[in-house]
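The next block holds one structure in the form of C-alpha coordinates; read it before the comments.
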2 protein chains.
Amino acid sequence: MPQTYNYNFPHPAVTTDIVLFTVRDGALNLLLVRRARAPFAGAWALPGGFVRPQEDLDTCALRELREETGIRDVYLEQLYTFGDPDRDPRERVITVAYYALVASDGLELRASTDAEAAQWHAFDALPKLAFDHARIVRLAHERLAAKSRYSTLAFQFLPRDFTLNELQAVYETILQKPIDNRNFRKWIRDTGVVSDTGEVRRGMRHRPARLYRASHTDGVAILR
Amino acid sequence: MPQTYNYNFPHPAVTTDIVLFTVRDGALNLLLVRRARAPFAGAWALPGGFVRPQEDLDTCALRELREETGIRDVYLEQLYTFGDPDRDPRERVITVAYYALVASDGLELRASTDAEAAQWHAFDALPKLAFDHARIVRLAHERLAAKSRYSTLAFQFLPRDFTLNELQAVYETILQKPIDNRNFRKWIRDTGVVSDTGEVRRGMRHRPARLYRASHTDGVAILR
DNA sequence: CCAAAAGTGTTGTTTATACACCCATGT
DNA sequence: ACATGGGTGTATAAACAACACTTTTGG
(Lines give C-alpha, C1' and ligand atoms only; values in the text may rest on other atoms or scores of the structure.)
Protein backbone atom coordinates (compact mmCIF):
# COMPACT_ATOMS: atom_id res chain seq x y z
CA MET A 1 0.00 0.00 0.00
CA PRO A 2 1.53 3.27 -1.09
CA GLN A 3 2.26 5.90 1.50
CA THR A 4 0.26 9.11 1.27
CA TYR A 5 0.99 12.57 2.54
CA ASN A 6 -1.89 14.40 4.13
CA TYR A 7 -2.44 18.08 4.78
CA ASN A 8 -5.44 19.96 6.06
CA PHE A 9 -5.36 22.50 3.28
CA PRO A 10 -4.41 21.99 -0.37
CA HIS A 11 -0.73 22.08 -1.27
CA PRO A 12 0.59 22.59 -4.78
CA ALA A 13 3.42 20.50 -6.15
CA VAL A 14 6.65 22.44 -6.60
CA THR A 15 9.29 21.75 -9.22
CA THR A 16 12.41 23.38 -10.51
CA ASP A 17 13.07 23.64 -14.25
CA ILE A 18 16.42 24.59 -15.68
CA VAL A 19 17.27 26.39 -18.88
CA LEU A 20 20.84 25.23 -19.42
CA PHE A 21 22.71 27.24 -22.05
CA THR A 22 25.98 26.58 -23.73
CA VAL A 23 27.74 27.96 -26.79
CA ARG A 24 28.80 25.29 -29.28
CA ASP A 25 30.38 26.05 -32.67
CA GLY A 26 29.42 29.67 -32.42
CA ALA A 27 25.75 28.99 -31.75
CA LEU A 28 23.76 29.34 -28.59
CA ASN A 29 22.38 25.97 -27.57
CA LEU A 30 20.19 24.73 -24.82
CA LEU A 31 19.60 21.38 -23.29
CA LEU A 32 16.25 19.65 -23.62
CA VAL A 33 15.02 16.27 -22.50
CA ARG A 34 12.44 14.21 -24.28
CA ARG A 35 9.47 13.39 -22.11
CA ALA A 36 8.77 9.69 -21.68
CA ARG A 37 5.40 10.02 -19.94
CA ALA A 38 2.16 11.92 -20.32
CA PRO A 39 1.40 14.73 -20.37
CA PHE A 40 3.31 15.83 -23.45
CA ALA A 41 4.84 12.36 -23.90
CA GLY A 42 7.43 12.50 -26.66
CA ALA A 43 7.67 16.28 -26.52
CA TRP A 44 10.84 18.16 -25.64
CA ALA A 45 10.94 19.86 -22.27
CA LEU A 46 13.29 21.56 -19.86
CA PRO A 47 15.12 19.30 -17.43
CA GLY A 48 13.63 19.58 -13.97
CA GLY A 49 11.54 17.86 -11.37
CA PHE A 50 9.93 17.88 -7.97
CA VAL A 51 11.51 19.49 -4.96
CA ARG A 52 12.28 17.04 -2.18
CA PRO A 53 11.16 17.73 1.38
CA GLN A 54 14.59 18.49 2.81
CA GLU A 55 16.12 20.04 -0.25
CA ASP A 56 16.94 23.63 -0.99
CA LEU A 57 15.65 24.97 -4.31
CA ASP A 58 19.12 25.52 -5.79
CA THR A 59 20.15 22.05 -4.71
CA CYS A 60 17.09 20.60 -6.36
CA ALA A 61 17.90 22.32 -9.65
CA LEU A 62 21.47 21.01 -9.58
CA ARG A 63 20.35 17.50 -8.69
CA GLU A 64 17.78 17.38 -11.47
CA LEU A 65 20.34 18.55 -13.98
CA ARG A 66 22.77 15.89 -12.82
CA GLU A 67 20.18 13.13 -12.82
CA GLU A 68 18.65 13.92 -16.17
CA THR A 69 21.73 14.97 -18.08
CA GLY A 70 24.82 13.93 -16.15
CA ILE A 71 26.01 17.53 -16.09
CA ARG A 72 27.44 19.11 -12.95
CA ASP A 73 29.47 22.22 -12.10
CA VAL A 74 27.34 24.77 -13.87
CA TYR A 75 26.75 28.40 -13.07
CA LEU A 76 23.19 28.55 -11.76
CA GLU A 77 20.86 31.43 -11.01
CA GLN A 78 17.19 31.63 -10.13
CA LEU A 79 15.10 33.15 -12.91
CA TYR A 80 11.41 33.44 -12.05
CA THR A 81 8.61 31.42 -10.52
CA PHE A 82 5.72 30.38 -12.72
CA GLY A 83 2.48 29.49 -11.02
CA ASP A 84 -0.39 29.70 -13.47
CA PRO A 85 -2.97 27.31 -11.95
CA ASP A 86 -3.42 25.44 -15.22
CA ARG A 87 0.15 25.19 -16.40
CA ASP A 88 0.20 21.44 -15.71
CA PRO A 89 -2.93 19.42 -16.55
CA ARG A 90 -2.33 16.83 -13.81
CA GLU A 91 -2.38 18.98 -10.72
CA ARG A 92 -1.34 22.40 -9.55
CA VAL A 93 2.40 22.65 -10.14
CA ILE A 94 4.38 25.75 -9.33
CA THR A 95 7.81 25.79 -10.91
CA VAL A 96 10.81 27.75 -9.77
CA ALA A 97 12.69 28.31 -13.02
CA TYR A 98 16.48 28.58 -13.14
CA TYR A 99 18.91 29.31 -15.86
CA ALA A 100 22.38 27.84 -16.00
CA LEU A 101 25.49 28.29 -18.11
CA VAL A 102 28.18 25.76 -18.90
CA ALA A 103 31.29 25.63 -21.07
CA SER A 104 30.85 23.18 -23.90
CA ASP A 105 34.45 21.94 -24.12
CA GLY A 106 34.90 18.40 -22.89
CA LEU A 107 31.26 18.17 -21.94
CA GLU A 108 29.72 14.73 -22.10
CA LEU A 109 26.02 14.14 -21.99
CA ARG A 110 24.84 11.09 -20.15
CA ALA A 111 24.50 8.07 -22.44
CA SER A 112 21.51 8.87 -24.58
CA THR A 113 20.26 5.40 -25.38
CA ASP A 114 16.98 5.58 -23.51
CA ALA A 115 13.90 7.54 -24.47
CA GLU A 116 14.51 10.27 -21.90
CA ALA A 117 17.67 11.32 -23.65
CA ALA A 118 19.01 14.80 -23.14
CA GLN A 119 20.09 16.68 -26.24
CA TRP A 120 21.46 20.05 -27.20
CA HIS A 121 19.28 22.18 -29.46
CA ALA A 122 20.18 25.35 -31.30
CA PHE A 123 18.44 28.25 -29.62
CA ASP A 124 17.09 29.59 -32.87
CA ALA A 125 15.68 26.26 -34.04
CA LEU A 126 13.90 24.93 -31.00
CA PRO A 127 11.17 22.33 -31.27
CA LYS A 128 7.77 22.86 -29.71
CA LEU A 129 8.15 22.64 -25.97
CA ALA A 130 5.96 21.02 -23.33
CA PHE A 131 3.98 23.03 -20.76
CA ASP A 132 4.84 26.74 -20.64
CA HIS A 133 8.50 26.00 -21.21
CA ALA A 134 8.73 28.17 -24.32
CA ARG A 135 7.87 31.17 -22.19
CA ILE A 136 10.48 30.21 -19.61
CA VAL A 137 13.12 29.87 -22.31
CA ARG A 138 12.25 33.29 -23.71
CA LEU A 139 12.62 34.94 -20.33
CA ALA A 140 15.88 33.10 -19.66
CA HIS A 141 17.36 34.34 -22.89
CA GLU A 142 16.33 37.93 -22.19
CA ARG A 143 18.00 37.72 -18.80
CA LEU A 144 21.12 36.16 -20.26
CA ALA A 145 21.46 38.92 -22.84
CA ALA A 146 20.67 41.72 -20.39
CA LYS A 147 23.00 40.50 -17.68
CA SER A 148 25.87 39.82 -20.08
CA ARG A 149 26.03 43.57 -20.72
CA TYR A 150 27.00 44.44 -17.18
CA SER A 151 28.61 41.33 -15.76
CA THR A 152 31.04 38.55 -16.52
CA LEU A 153 28.23 36.03 -16.95
CA ALA A 154 29.39 35.20 -20.47
CA PHE A 155 32.73 33.91 -19.15
CA GLN A 156 30.88 30.84 -17.95
CA PHE A 157 30.64 29.63 -21.53
CA LEU A 158 34.42 29.37 -21.85
CA PRO A 159 37.06 27.14 -20.29
CA ARG A 160 39.48 28.60 -17.78
CA ASP A 161 41.85 29.93 -20.43
CA PHE A 162 40.54 31.65 -23.52
CA THR A 163 41.49 34.19 -26.14
CA LEU A 164 39.86 37.60 -26.36
CA ASN A 165 38.45 36.73 -29.76
CA GLU A 166 36.83 33.63 -28.35
CA LEU A 167 35.27 35.76 -25.65
CA GLN A 168 34.10 38.27 -28.22
CA ALA A 169 32.53 35.49 -30.27
CA VAL A 170 30.58 34.40 -27.19
CA TYR A 171 29.26 37.92 -26.70
CA GLU A 172 28.28 38.15 -30.34
CA THR A 173 26.44 34.87 -30.05
CA ILE A 174 24.53 35.91 -26.95
CA LEU A 175 23.69 39.39 -28.14
CA GLN A 176 23.05 38.28 -31.72
CA LYS A 177 24.98 41.15 -33.24
CA PRO A 178 28.54 41.93 -34.32
CA ILE A 179 30.87 43.83 -31.99
CA ASP A 180 33.78 46.04 -33.03
CA ASN A 181 36.84 44.17 -31.88
CA ARG A 182 39.02 47.15 -30.98
CA ASN A 183 36.28 48.55 -28.78
CA PHE A 184 35.58 45.15 -27.31
CA ARG A 185 39.20 44.55 -26.35
CA LYS A 186 39.51 48.02 -24.87
CA TRP A 187 36.33 47.52 -22.83
CA ILE A 188 37.18 44.09 -21.51
CA ARG A 189 40.70 45.10 -20.58
CA ASP A 190 39.74 48.41 -18.95
CA THR A 191 37.29 46.65 -16.67
CA GLY A 192 40.19 44.53 -15.40
CA VAL A 193 38.20 41.32 -15.35
CA VAL A 194 40.71 39.34 -17.41
CA SER A 195 44.36 38.70 -16.78
CA ASP A 196 46.96 37.71 -19.32
CA THR A 197 48.25 34.20 -18.59
CA GLY A 198 51.47 34.76 -20.55
CA GLU A 199 50.60 31.70 -22.61
CA VAL A 200 49.53 31.64 -26.23
CA ARG A 201 47.47 29.24 -28.27
CA ARG A 202 49.74 27.80 -31.02
CA GLY A 203 49.18 25.37 -33.84
CA MET A 204 46.56 27.36 -35.68
CA ARG A 205 47.72 28.31 -39.10
CA HIS A 206 47.89 31.96 -38.21
CA ARG A 207 49.34 34.22 -35.57
CA PRO A 208 49.04 32.71 -32.06
CA ALA A 209 46.53 34.31 -29.72
CA ARG A 210 47.31 35.32 -26.15
CA LEU A 211 45.44 33.35 -23.54
CA TYR A 212 43.57 35.11 -20.77
CA ARG A 213 41.58 33.98 -17.80
CA ALA A 214 39.05 35.60 -15.50
CA SER A 215 40.66 37.72 -12.77
CA HIS A 216 38.02 36.88 -10.20
CA THR A 217 38.31 33.42 -8.72
CA ASP A 218 34.76 32.26 -9.32
CA GLY A 219 31.20 33.40 -9.68
CA VAL A 220 30.15 36.35 -11.75
CA ALA A 221 31.49 39.89 -11.33
CA ILE A 222 29.25 42.91 -11.80
CA LEU A 223 30.79 45.66 -13.90
CA ARG A 224 30.25 49.40 -13.90
CA MET B 1 -14.18 15.98 10.89
CA PRO B 2 -11.85 18.25 8.97
CA GLN B 3 -11.23 17.59 5.33
CA THR B 4 -7.73 16.49 4.40
CA TYR B 5 -5.83 16.70 1.15
CA ASN B 6 -3.81 13.66 0.21
CA TYR B 7 -0.93 13.25 -2.18
CA ASN B 8 1.30 10.32 -2.92
CA PHE B 9 4.47 12.34 -2.56
CA PRO B 10 5.22 15.19 -0.18
CA HIS B 11 4.10 18.67 -1.18
CA PRO B 12 5.41 21.85 0.37
CA ALA B 13 3.13 24.69 1.33
CA VAL B 14 3.49 27.76 -0.87
CA THR B 15 2.94 31.34 0.20
CA THR B 16 3.47 34.78 -1.20
CA ASP B 17 4.97 37.54 0.91
CA ILE B 18 4.93 41.17 -0.09
CA VAL B 19 7.37 43.95 0.68
CA LEU B 20 5.15 46.99 0.22
CA PHE B 21 7.07 50.25 0.04
CA THR B 22 5.86 53.79 0.19
CA VAL B 23 7.50 57.17 0.74
CA ARG B 24 5.95 59.19 3.55
CA ASP B 25 7.29 62.54 4.76
CA GLY B 26 10.51 62.02 2.88
CA ALA B 27 11.26 58.63 4.38
CA LEU B 28 11.06 55.19 2.86
CA ASN B 29 8.51 53.11 4.73
CA LEU B 30 7.30 49.59 4.50
CA LEU B 31 4.23 47.86 5.67
CA LEU B 32 4.41 45.18 8.34
CA VAL B 33 1.75 43.15 10.09
CA ARG B 34 1.95 41.92 13.61
CA ARG B 35 1.64 38.17 13.88
CA ALA B 36 -1.19 36.95 16.08
CA ARG B 37 -0.23 33.27 16.11
CA ALA B 38 2.82 31.12 16.64
CA PRO B 39 5.42 30.85 15.34
CA PHE B 40 6.77 34.33 15.99
CA ALA B 41 3.53 35.42 17.69
CA GLY B 42 3.72 39.13 18.39
CA ALA B 43 6.58 39.67 15.97
CA TRP B 44 6.36 41.89 12.91
CA ALA B 45 6.25 40.17 9.56
CA LEU B 46 5.60 40.82 5.91
CA PRO B 47 2.00 40.58 4.79
CA GLY B 48 1.38 37.37 2.88
CA GLY B 49 -0.20 33.98 3.00
CA PHE B 50 -0.96 30.69 1.35
CA VAL B 51 -1.60 30.36 -2.33
CA ARG B 52 -5.07 29.04 -3.13
CA PRO B 53 -5.54 26.13 -5.50
CA GLN B 54 -7.02 28.09 -8.38
CA GLU B 55 -5.13 31.30 -7.86
CA ASP B 56 -2.28 32.82 -9.82
CA LEU B 57 0.75 33.88 -7.76
CA ASP B 58 0.35 37.59 -8.57
CA THR B 59 -3.34 37.39 -7.69
CA CYS B 60 -2.50 35.77 -4.41
CA ALA B 61 -0.08 38.55 -3.51
CA LEU B 62 -2.66 41.22 -4.32
CA ARG B 63 -5.37 39.40 -2.38
CA GLU B 64 -3.20 38.99 0.70
CA LEU B 65 -2.30 42.65 0.62
CA ARG B 66 -5.94 43.59 0.36
CA GLU B 67 -7.06 41.24 3.10
CA GLU B 68 -4.34 42.08 5.57
CA THR B 69 -4.00 45.78 4.95
CA GLY B 70 -6.97 47.00 2.91
CA ILE B 71 -4.61 48.30 0.23
CA ARG B 72 -5.28 47.75 -3.48
CA ASP B 73 -4.02 49.21 -6.74
CA VAL B 74 -0.33 48.85 -6.10
CA TYR B 75 2.51 48.31 -8.53
CA LEU B 76 3.57 44.71 -8.00
CA GLU B 77 6.55 42.72 -9.22
CA GLN B 78 7.89 39.29 -8.36
CA LEU B 79 11.18 39.43 -6.46
CA TYR B 80 12.60 35.99 -5.65
CA THR B 81 11.51 32.64 -4.32
CA PHE B 82 12.84 31.51 -0.97
CA GLY B 83 12.78 27.81 -0.23
CA ASP B 84 15.21 26.98 2.56
CA PRO B 85 13.76 23.75 4.00
CA ASP B 86 13.84 25.12 7.55
CA ARG B 87 12.62 28.64 6.99
CA ASP B 88 9.32 27.86 8.70
CA PRO B 89 9.38 25.65 11.80
CA ARG B 90 5.90 24.22 11.20
CA GLU B 91 6.33 22.59 7.83
CA ARG B 92 8.12 23.10 4.58
CA VAL B 93 6.98 26.46 3.24
CA ILE B 94 8.27 27.93 0.02
CA THR B 95 7.51 31.60 -0.39
CA VAL B 96 7.33 33.55 -3.61
CA ALA B 97 8.35 37.03 -2.51
CA TYR B 98 7.03 40.15 -4.21
CA TYR B 99 7.73 43.80 -3.81
CA ALA B 100 5.14 46.48 -4.33
CA LEU B 101 5.06 50.26 -4.48
CA VAL B 102 2.23 52.59 -3.60
CA ALA B 103 1.71 56.34 -3.35
CA SER B 104 1.14 57.41 0.22
CA ASP B 105 -1.28 60.25 -0.46
CA GLY B 106 -4.82 59.48 0.57
CA LEU B 107 -3.84 56.00 1.64
CA GLU B 108 -5.89 54.49 4.43
CA LEU B 109 -4.83 51.42 6.29
CA ARG B 110 -7.56 49.07 7.34
CA ALA B 111 -8.81 49.83 10.85
CA SER B 112 -6.00 48.75 13.11
CA THR B 113 -7.90 47.82 16.25
CA ASP B 114 -7.20 44.11 16.23
CA ALA B 115 -3.93 42.42 17.04
CA GLU B 116 -3.11 41.70 13.40
CA ALA B 117 -2.83 45.40 12.67
CA ALA B 118 -0.85 46.56 9.67
CA GLN B 119 1.50 49.46 10.25
CA TRP B 120 4.03 51.51 8.33
CA HIS B 121 7.61 51.32 9.58
CA ALA B 122 10.53 53.50 8.59
CA PHE B 123 12.89 51.44 6.47
CA ASP B 124 15.92 52.42 8.50
CA ALA B 125 14.34 51.62 11.85
CA LEU B 126 12.75 48.26 11.31
CA PRO B 127 11.94 45.94 14.19
CA LYS B 128 13.15 42.34 14.25
CA LEU B 129 11.21 40.44 11.65
CA ALA B 130 9.75 36.94 11.73
CA PHE B 131 11.12 34.06 9.63
CA ASP B 132 13.67 35.09 6.99
CA HIS B 133 11.76 38.28 6.27
CA ALA B 134 14.71 40.54 7.02
CA ARG B 135 16.58 38.92 4.15
CA ILE B 136 13.61 39.37 1.84
CA VAL B 137 13.37 43.04 2.77
CA ARG B 138 17.06 43.56 2.08
CA LEU B 139 16.79 42.04 -1.36
CA ALA B 140 13.66 44.05 -2.14
CA HIS B 141 15.40 47.28 -1.27
CA GLU B 142 18.40 46.44 -3.42
CA ARG B 143 16.09 45.76 -6.33
CA LEU B 144 14.15 48.94 -5.75
CA ALA B 145 17.30 51.06 -5.72
CA ALA B 146 18.85 49.29 -8.72
CA LYS B 147 15.74 49.41 -10.87
CA SER B 148 15.01 53.05 -10.03
CA ARG B 149 18.19 53.98 -11.85
CA TYR B 150 17.02 52.77 -15.22
CA SER B 151 13.23 52.85 -15.07
CA THR B 152 10.30 54.91 -13.96
CA LEU B 153 9.65 52.64 -10.99
CA ALA B 154 9.95 55.56 -8.56
CA PHE B 155 6.95 57.30 -10.16
CA GLN B 156 4.77 54.75 -8.40
CA PHE B 157 5.40 56.56 -5.11
CA LEU B 158 3.70 59.71 -6.36
CA PRO B 159 0.14 60.62 -7.29
CA ARG B 160 -0.76 61.20 -10.92
CA ASP B 161 0.40 64.83 -10.88
CA PHE B 162 3.63 65.82 -9.19
CA THR B 163 6.34 68.44 -9.25
CA LEU B 164 9.87 67.68 -10.38
CA ASN B 165 11.17 68.48 -6.93
CA GLU B 166 8.79 65.97 -5.40
CA LEU B 167 10.06 63.39 -7.84
CA GLN B 168 13.64 64.28 -7.02
CA ALA B 169 12.93 63.91 -3.32
CA VAL B 170 11.62 60.40 -3.97
CA TYR B 171 14.80 59.48 -5.80
CA GLU B 172 16.91 60.88 -3.00
CA THR B 173 14.95 58.85 -0.51
CA ILE B 174 15.31 55.61 -2.44
CA LEU B 175 18.96 56.06 -3.30
CA GLN B 176 19.85 57.53 0.08
CA LYS B 177 21.94 60.33 -1.36
CA PRO B 178 21.47 63.90 -2.56
CA ILE B 179 21.04 64.63 -6.27
CA ASP B 180 21.98 67.85 -8.03
CA ASN B 181 18.70 69.36 -9.07
CA ARG B 182 19.77 70.93 -12.37
CA ASN B 183 21.19 67.62 -13.50
CA PHE B 184 18.17 65.75 -12.27
CA ARG B 185 15.73 67.97 -14.16
CA LYS B 186 17.77 67.74 -17.32
CA TRP B 187 17.91 63.96 -17.08
CA ILE B 188 14.26 63.42 -16.37
CA ARG B 189 13.17 65.80 -19.12
CA ASP B 190 15.58 64.44 -21.74
CA THR B 191 14.25 60.94 -21.24
CA GLY B 192 10.80 62.24 -22.14
CA VAL B 193 9.03 60.24 -19.46
CA VAL B 194 7.22 63.23 -17.96
CA SER B 195 4.89 65.69 -19.60
CA ASP B 196 4.03 69.15 -18.38
CA THR B 197 0.36 69.32 -17.43
CA GLY B 198 0.23 73.10 -17.78
CA GLU B 199 -1.03 73.26 -14.20
CA VAL B 200 0.86 74.55 -11.20
CA ARG B 201 0.65 73.86 -7.51
CA ARG B 202 -0.34 77.12 -5.75
CA GLY B 203 -0.90 78.07 -2.15
CA MET B 204 2.58 77.37 -0.92
CA ARG B 205 4.28 80.46 0.37
CA HIS B 206 6.76 80.48 -2.45
CA ARG B 207 6.82 80.33 -6.21
CA PRO B 208 4.29 77.80 -7.58
CA ALA B 209 5.73 74.59 -9.02
CA ARG B 210 4.76 73.19 -12.41
CA LEU B 211 2.91 69.92 -12.27
CA TYR B 212 3.99 66.99 -14.42
CA ARG B 213 2.69 63.52 -14.96
CA ALA B 214 4.13 60.34 -16.39
CA SER B 215 4.02 60.24 -20.19
CA HIS B 216 3.40 56.52 -20.38
CA THR B 217 -0.12 55.48 -19.51
CA ASP B 218 0.69 52.92 -16.86
CA GLY B 219 3.24 50.40 -15.73
CA VAL B 220 6.93 51.14 -15.57
CA ALA B 221 9.02 52.36 -18.51
CA ILE B 222 12.60 51.21 -18.99
CA LEU B 223 15.03 54.01 -19.79
CA ARG B 224 18.30 54.08 -21.73
C1' DC C 1 54.63 34.07 -50.37
C1' DC C 2 50.02 33.38 -49.15
C1' DA C 3 46.00 32.72 -46.22
C1' DA C 4 44.10 33.47 -41.87
C1' DA C 5 43.18 35.34 -37.71
C1' DA C 6 45.59 38.47 -34.01
C1' DG C 7 46.44 42.71 -32.73
C1' DT C 8 46.59 47.89 -32.35
C1' DG C 9 44.94 54.25 -31.90
C1' DT C 10 42.62 58.23 -32.99
C1' DT C 11 38.73 61.10 -33.55
C1' DG C 12 34.06 62.68 -32.89
C1' DT C 13 29.84 62.18 -30.17
C1' DT C 14 27.19 61.44 -26.37
C1' DT C 15 26.53 61.28 -21.54
C1' DA C 16 27.60 62.45 -16.73
C1' DT C 17 29.17 65.68 -13.30
C1' DA C 18 30.19 69.94 -10.89
C1' DC C 19 28.70 74.25 -9.71
C1' DA C 20 25.65 79.51 -8.10
C1' DC C 21 22.36 82.68 -8.83
C1' DC C 22 17.66 84.90 -10.00
C1' DC C 23 12.39 84.17 -9.80
C1' DA C 24 7.60 84.09 -8.23
C1' DT C 25 4.73 83.72 -4.67
C1' DG C 26 2.40 84.22 0.28
C1' DT C 27 2.59 86.51 4.38
C1' DA D 1 10.39 93.40 2.44
C1' DC D 2 11.55 88.96 3.27
C1' DA D 3 11.49 84.03 3.54
C1' DT D 4 10.84 79.99 0.91
C1' DG D 5 11.34 76.72 -2.33
C1' DG D 6 11.14 76.91 -7.87
C1' DG D 7 13.68 77.28 -11.60
C1' DT D 8 17.68 77.85 -14.98
C1' DG D 9 23.07 77.15 -18.12
C1' DT D 10 27.75 76.26 -18.94
C1' DA D 11 32.12 74.02 -18.77
C1' DT D 12 34.83 69.80 -17.96
C1' DA D 13 35.46 64.97 -17.86
C1' DA D 14 34.32 60.38 -18.96
C1' DA D 15 32.27 56.84 -21.70
C1' DC D 16 31.01 55.15 -26.04
C1' DA D 17 31.03 54.46 -31.20
C1' DA D 18 33.03 54.56 -35.68
C1' DC D 19 36.66 53.35 -38.42
C1' DA D 20 41.51 50.31 -41.44
C1' DC D 21 45.74 48.65 -41.47
C1' DT D 22 49.98 45.86 -39.80
C1' DT D 23 51.69 41.55 -37.50
C1' DT D 24 52.66 36.75 -36.83
C1' DT D 25 52.24 32.35 -37.66
C1' DG D 26 51.52 27.57 -40.45
C1' DG D 27 51.53 25.57 -44.61
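Each chain gets a letter, A, B and so on, in the order its sequence line appears, and its residues count up from 1.
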Exercise: do Asp58(A) and Tyr98(A) side chains pair donor with acceptor under 3.5 Å: yes

Residues at least two apart in sequence or cross-chain that pass side-chain hydrogen bond (donor to acceptor under 3.5 Å, both in side chains) with Arg201(B), listed by chain then number, are Glu166(B)

I'd like to check the salt bridge (charged side-chain N to carboxylate O under 4.0 Å, His left out) partners of Asp180(B); sequence neighbours left out, ordered by chain and number. none

Only one of Ile174(B), Val170(B), Val220(B) passes side-chain contact (heavy atoms from CB on, under 4.5 Å) with Ser148(B), and that residue is Ile174(B)

Apply side-chain hydrogen bond (donor to acceptor under 3.5 Å, both in side chains) to Arg189(A) and list each qualifying residue two or more places apart in sequence or on a separate chain. Tyr212(A)

With sequence neighbours excluded, what pairs up with Arg160(A) under the side-chain hydrogen bond (donor to acceptor under 3.5 Å, both in side chains) test? none

Measure CZ/Arg185(B) against P/dG6(D) and give the value in whole Å, please. 8 Å

Are Glu172(B) and Lys177(B) ion-paired here, with the side-chain N under 4.0 Å from a carboxylate O? no

By nearest nucleotide on DNA chain D, pick out whichever of Trp187(A) and Ala209(B) is the more 5' one. Ala209(B)

What residues from residues 191-208 of chain A pass a heavy-atom cutoff of under 4.0 Å to DNA chain C? Arg205(A), His206(A), Arg207(A), Pro208(A)

Would you call the rings of Phe155(A) and His216(A) parallel, tilted or perpendicular, where under 30° means parallel and over 60° means perpendicular? tilted

Checking Leu31(B), Leu101(B), Leu30(B), Leu144(B) against Val19(B) for side-chain contact (heavy atoms from CB on, under 4.5 Å), the one that qualifies is Leu30(B)

DNA chain D contacts among residues 143-150 of chain B, heavy-atom distance under 4.0 Å: none

Axial bend angle, the helix from dC1(C)-dG27(D) to dT27(C)-dA1(D): five-pair end segments, nearest 10°: 0°

Counted 5' to 3', the first and last nucleotides of DNA chain C within 4.0 Å (strictly under) of a heavy-atom of chain B are dT17(C) to dG26(C)

Pick base, sugar-phosphate or nothing for Asn181(B), based on heavy-atom distances below 4.0 Å to the nucleic acid. base

Residues in ring-ring contact (aromatic ring centres under 6.0 Å, His included) with Phe21(B), at least two apart? none

Can you check nucleotides 10-15 of chain D for protein contacts, nitrogen or oxygen pairs under 3.5 Å, and list what you find?
unit_1  : atom_1 : unit_2    : atom_2 : d
dT10(D) : O4     : Lys186(B) : NZ     : 3.1

State plainly whether the residues Arg63(B) and Glu67(B) are in salt-bridge range, i.e. N to O under 4.0 Å. yes

Non-hydrogen atoms of Tyr99(B) and Gln78(B) that approach each other most closely: CE2-O, 4.4 Å

What is the nucleic acid contact for Arg224(B), judged by heavy atoms within less than 4.0 Å: base, sugar-phosphate only, or nothing? nothing

Sequence neighbours left out, what passes side-chain hydrogen bond (donor to acceptor under 3.5 Å, both in side chains) with Thr15(A)? Give chain and number order. Thr95(A)

Regarding Arg210(A) and Glu199(A), does a basic nitrogen lie under 4.0 Å from an acidic carboxylate oxygen? no

Donor-acceptor under 3.5 Å (Thr152(A) side chain, Ala221(A) main chain): yes

I need the residues from residues 157-180 of chain B with at least one non-hydrogen atom less than 4.0 Å from DNA chain C; give them sorted by number, or say none. Asp180(B)

Val96(A) backbone acceptor or donor facing Thr81(B) side chain under 3.5 Å: no

Between Leu158(B) and the options Leu167(B), Val23(B), Asp105(B), the side-chain contact (heavy atoms from CB on, under 4.5 Å) test singles out Leu167(B)

What is the minimum heavy-atom distance between Gly49(B) and Glu64(B), and which atoms define it? CA-OE2, 3.2 Å

